[in-house]
Amino acid sequence: MGRWIPSAALAHAGQPAALFFHGVEARTFDGRIQTNHHEIAAFRAILRGLEEFDVLPLTALDAVLAEPDRHRRAVFLMSDDGYRNTLTVAAPILEEFRLPWTLFVSTAHVGNGRPNPMFLARLFFFHAPAGDYALPHFAGRIRLGDAKSREKSAFSGLERLRFLPAPQAEETLAAMIGAFAPGALAELVEHFASEKFLSWDEVRALRDQGVTIGAHAHTHWPMHAGQSDDYLRQQARLSRARIETEVGPCRFFAYPFGNRNDVGPAAWKAVREAGFTHAFTTLSGTLAAGKPAAGSLEAGGNPFLLPRYGLGPRDSHVASLVPLLAAGNPRVRSWQASLA
Ligand SMILES: [Zn+2]
């Protein structure tokens with residue numbers, strides 16, 4: 001039970017929920033770059049909070065969605081992207097707590113060592129040589145000088161990059177990479193070992209430990225309404241095909257970024273078309289908001305736009321947080337309706 005919520009109230013308010021993290025590191029040393037990783041102590045605090053719930057493997061999702069009222073304490077735990085430290089650091093801790101979990105991998109990055117584009121963009125803003133840069137598809141010049149100017153440029157620049165159509169974003173990213181002296185970027189990438197992706201052998205090792213493997217698109221770019229239909233279909237189809245070849249059957253998807261403006265109406269249809277049965281966003285809410293069939297308390301939810309709560313690096317009171325997630329459901333449902 002949540003320490004500050006009477007058990008009767010919790011039993012009434014409880015609804016099944018999905019929670020996700022990215023990577024886990026013994027120590028992070030640059031919060032501007034390593035935005036995706038929990039430190040071990042914080043991660044353990046989250047897992048201790050989950051001892052009060054029924055943490056289930058994602059294969060139980062159909063049963064939970066069919067009758068959310070019968071699974072009020074159900075929680076699904078997930079990790080996004082496919083960082084190597086999920087195998088080396090997170091998996092042994094999760095095993096110690098005996099918690100089942102799902103790993104969503106971006107298949108273009110697994111195995112070929114290609115870093116997450118947003119990580120490269122962050123390296124540009126915070127570590128490229130000082131100067132004024134003209135970047136393709138960016139209005140005006142980007143000023144990189146002292147820490148403050150970099151912070152400011154990154155704040156607007158990362159958003160701008162994220163909402164470009166993928167082919168344009170790739171051109172912008174190539175120019176960002178070009179700002180580094182030969183070898184300097186490779187050295188930086190090595191320095192940030194936290195951002196390394198798993199190999200397929202390592203993904204298979206996790207599968208063999210009982211981890212469910214899902215798809216997190218092919219390239220780690222958003223699937224927003226500015227992307228072409230072809231691109232969206234590819235992102236869904238390629239990721240599923242690759243996982244089925246390398247790992248085995250795959251029916252769960254999680255959208256990169258996955259927030260309100262990162263997922264367009266064509267995205268979830270492309271995911272459905274590719275043969276997935278369920279897909280997760282990063283809007284906050286409970287799984288009752290995704291119950292597909294009519295005739296229930298929470299009718300009309302879209303199983304391809306399921307809400308999911310992102311665990312922040314300092315989220316420690318999970319037990320009291322999960323029962324509050326239902327407050328996000330009206331927003332989730334109106335968003336789902338707007339993407340119909
Ligand atoms: Zn991601």
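Counting convention: from 1, in listed order, for ligands and their atoms alike.
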Electrostatic pair D80:R308 at N-O distance under 4.0 angstrom: yes
Can you tell whether the side chains of E96 and R44 come within less than 4.0 Å, N to carboxylate O? yes
Does any N, O or S atom of H216, backbone or side chain, fall under 2.8 Å from the Zn ion (ligand 1)? yes
Starting from the Zn ion (ligand 1), look over the N/O/S atoms of H220 and name the nearest one. NE2
Considering just N/O/S atoms, say which atom of D81 is closest to the Zn ion (ligand 1). OD1
Could you tell me whether the side chain of L94 reaches within less than 4.5 Å of the side chain of L77, counting heavy atoms only? yes
Might you work through the side-chain contact (heavy atoms from CB on, under 4.5 Å) test for N261 and F163, ending with a clear yes or no? CA-CA 9 Å; N261 297 319; F163 292 111; 3.8 Å; yes
